[in-house]
Participant: 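There's a structure below that I have some questions on.
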Amino acid sequence: MNWSFQLYSARNFQPWNDVVKTLGWLGYREVEGFGGVYDDPAGLRAELDKNGLVMPTGHFSIDMLENDFASAEKIANTLGMKVLVCPYLVAEQRPTDTAGWQAFGKRLAAVGDKAKKAGFGFAWHNHDFEFAALPDGSVPLTHILETAPDIGWEADIAWIVRGGADPMAWIDKYGSRIVAVHVKDIARSGEGLDEDGWSDVGHGTIDWRALTTVLRDRTPAKYFIMEQDNPNNFERFARRSLEAAKSF
């Protein structure tokens with residue numbers, strides 16, 4: 001497997017050329033982009049090429065995807081992306097009922113149509129808020145995936161757990177939609193206190209050995225992307241997580 005690395009995990013450890021060099025040296029072959037690295041796509045592409053890295057997936061805001069898709073397309077093409085991912089909806093814009101989330105799903109479906117016409121795959125990336133029960137007892141992610149049946153899902157397993165849901169149940173139901181996975185771990189009790197409760201992959205509470213087997217065997221996921229939202233040492237996180245993942 002070619003393990004990828006979400007560059008958001010290294011946003012506090014600049015400059016980017018040093019980050020990319022470190023990741024290539026550690027043995028990564030793929031990275032995932034986000035808005036903070038798109039200022040100079042051609043320059044970034046040169047650094048990736050120099051260090052034996054490719055960027056098959058990248059995160060783009062819903063605002064850019066809906067209102068300036070041409071810019072997203074240009075960035076993605078320059079960096080060689082295959083799949084565009086919408087990663088978030090700020091709290092003040094989140095619907096509060098089923099109808100609202102269904103409407104949002106239709107917006108994502110429209111973006112997916114644009115992405116497909118431009119030659120890209122498209123996926124939604126979850127956090128924990130998509131698993132908070134709505135007044136009718138349903139949860140937002142159901143409405144997103146059901147209302148936009150042709151888009152993929154980048155499943156962030158640790159956020160599913162933090163949202164109080166069972167990853168295996170969601171894999172059973174929507175595994176065919178999973179095109180990418182965020183490989184993230186939750187710290188054991190009393191650990192990771194200065195890292196927002198996250199852990200290096202394979203050193204926390206999530207059974208990534210079992211999950212990797214299930215995701216590899218029962219979903220079409222092609223991209224397995226290491227992420228830690230707030231590491232205190234990005235090189236340590238990247239190194240120990242890759243070492244652990246190689247044994248899965």
Side-chain angles (χ1 to χ4, degrees), residues 6 8 11 32-36 38 57-73 75-76 81 83-118 120-182 184 186 196-198 219 221 223 225 227 229-230:
Q6 169 51 263
Y8 181 80
R11 68 195 181 282
E32 181 171 70
F34 77 106
Y38 299 149
T57 62
H59 286 190
F60 293 87
S61 70
I62 185 65
D63 180 63
M64 176 178 277
L65 291 168
E66 286 189 315
N67 301 313
D68 190 11
F69 187 83
S71 291
E73 181 180 3
I75 291 167
M81 293 181 194
V83 180
L84 312 182
V85 181
C86 186
Y88 198 62
L89 189 63
V90 295
E92 57 269 24
Q93 294 180 14
R94 293 172 198 164
T96 57
D97 59 15
T98 292
W101 282 107
Q102 289 174 338
F104 181 67
K106 291 177 181 178
R107 290 168 61 190
L108 292 176
V111 173
D113 289 342
K114 288 193 289 187
K116 183 177 180 179
K117 290 176 182 176
F120 302 104
F122 177 65
W124 173 257
H125 169 88
N126 70 275
H127 285 75
D128 56 347
F129 61 84
E130 295 94 331
F131 302 93
L134 299 169
D136 63 3
S138 64
V139 298
L141 189 59
T142 297
H143 302 303
I144 290 173
L145 295 176
E146 294 291 338
T147 312
D150 295 327
I151 73 169
W153 176 23
E154 181 176 73
D156 191 312
I157 302 299
W159 275 122
I160 296 176
V161 174
R162 281 205 171 177
D166 176 4
M168 288 297 189
W170 282 87
I171 293 168
D172 286 343
K173 189 169 184 180
Y174 292 109
S176 65
R177 305 282 295 278
I178 299 176
V179 297
V181 178
H182 267 208
K184 182 186 298 182
I186 297 174
D196 296 342
W198 303 113
T219 81
Y223 309 107
I225 304 145
E227 186 184 43
D229 288 31
N230 190 30

Participant: Which pair of heavy atoms, one from T219 and one from G175, lies closest together, and at what distance?
Facilitator: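 The answer is CB-O, 3.3 Å.
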Participant: Checking F69 against F60 for the ring-ring contact (aromatic ring centres under 6.0 Å, His included) test, could you report, in this order, the C-alpha distance in whole Å, the side-chain angles of both residues, the deciding distance, and whether it holds?
Facilitator: CA-CA 10 Å; F69 187 83; F60 293 87; 8.5 Å; no
Participant: Would you name the heavy atoms of H59 and Y38 that are closest together and state the gap between them?
Facilitator: O-OH, 3.0 Å
Participant: Determine yes or no for a side-chain-to-main-chain donor-acceptor pair under 3.5 angstrom, with H182 supplying the side chain and A158 the backbone.
Facilitator: no
Participant: How long is the straight-line distance from CD1 of I75 back to CE of M81, given to the nearest 0.5 Å?
Facilitator: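 Nearest 0.5 Å value for the CE-CD1 distance: 7.5 Å.
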Participant: Is a side-chain donor or acceptor of K114 paired with a backbone partner of L65 at a separation under 3.5 angstrom?
Facilitator: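 Between the backbone of L65 and the side chain of K114 there is a qualifying donor-acceptor contact (under 3.5 Å).
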Participant: Check whether any side-chain heavy atom of V111 lies under 4.5 Å from a side-chain heavy atom of F122, and answer yes or no.
Facilitator: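 Result yes, sub-4.5 Å side-chain heavy-atom pair found.
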Participant: Shortest non-hydrogen contact from Q6 to G33?
Facilitator: NE2-O, 3.7 Å
Participant: Are the side chains of F131 and N126 in touch, meaning some heavy atoms are under 4.5 Å apart?
Facilitator: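 Result yes, sub-4.5 Å side-chain heavy-atom pair found.
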Participant: Should the pair R107 and F104 be classed as cation-pi, given the thresholds of under 6.0 Å to the six-membered ring centre and 45° from the axis?
Facilitator: no
Participant: Given side-chain contact (heavy atoms from CB on, under 4.5 Å), test R162 with W198 step by step and report yes or no.
Facilitator: CA-CA 11 Å; R162 281 205 171 177; W198 303 113; 3.3 Å; yes
Participant: Would you say that W170 contacts K173 through its side chain, given a criterion of any heavy-atom pair below 4.5 Å between the two side chains?
Facilitator: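 W170 vs K173: side chains apart.
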Participant: Taking distance alone, no hydrogens or angles, what donor-acceptor pairs closer than 3.5 Å link side-chain atoms of residues 140-151 to residues at least two apart or in another chain?
Facilitator:
| residue | atom | partner | partner atom | Å |
| --- | --- | --- | --- | --- |
| H143 | NE2 | T98 | OG1 | 3.4 |
| H143 | NE2 | S138 | OG | 2.7 |
| E146 | OE2 | Y174 | OH | 2.7 |
| T147 | OG1 | H143 | O | 2.6 |

Participant: Just checking, R177 and W124: is the charged tip under 6.0 Å from the six-membered ring centre and within 45° of the axis?
Facilitator: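 Geometry flag: not set, cation outside 6.0 Å or 45°.
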Participant: So which atom in G152 and which in V179 form the shortest heavy-atom distance, rounded to 0.1 Å?
Facilitator: CA-CG1, 4.2 Å
Participant: Any side-chain heavy atom of L134 within less than 4.5 Å of one from T96?
Facilitator: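 With C-beta onward as the side chain, the pair stays apart.
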Participant: Quick one: does NZ or CZ of R94 land under 6.0 Å from the six-membered ring centre of F129, within 45 degrees of the ring axis?
Facilitator: yes
Participant: Provide the closest heavy-atom pair for A76 versus L84 in the form atom of the first, atom of the second, distance.
Facilitator: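 Looking at all heavy atoms of both residues, the shortest contact is CB-CD2, 3.6 Å.
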Participant: In Å, rounded to the nearest 0.5 Å, how long is the span from CG of L89 to CH2 of W101?
Facilitator: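 The CG atom of L89 sits 5.0 Å away from the CH2 atom of W101.
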Participant: Counting C-beta onward and ignoring hydrogens, is there a side-chain heavy-atom pair between E32 and E227 closer than 4.5 Å?
Facilitator: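 Contact flag for E32/E227 side chains = no.
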Participant: Drop me the distance from M64's CE to C86's SG, to the nearest 0.5 angstrom.
Facilitator: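 The CE atom of M64 sits 11.5 Å away from the SG atom of C86.
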Participant: Are the side chains of K184 and I157 in contact, using a 4.5 Å heavy-atom criterion?
Facilitator: no
Participant: Check step by step if side-chain contact (heavy atoms from CB on, under 4.5 Å) holds for D229 and W159.
Facilitator: CA-CA 11 Å; D229 288 31; W159 275 122; 3.7 Å; yes
Participant: Is it the case that the side chain of N67 and the backbone of D63 share a donor-acceptor pair, with hydrogens and angles ignored and the cut-off at 3.5 Å?
Facilitator: yes
Participant: Nearest heavy-atom pair of R11 and F34: which atoms, and what distance?
Facilitator: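 Looks like CB-CZ, 4.1 Å.
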Participant: Would you say H125 and D156 make side-chain contact, with heavy atoms under 4.5 Å?
Facilitator: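 In short, these two side chains touch, coming nearer than 4.5 Å.
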Participant: With a 4.5 Å cut-off on side-chain heavy atoms, are V181 and I225 touching?
Facilitator: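 The answer is no, as the side chains (C-beta and beyond) never meet within the 4.5 Å cut-off.
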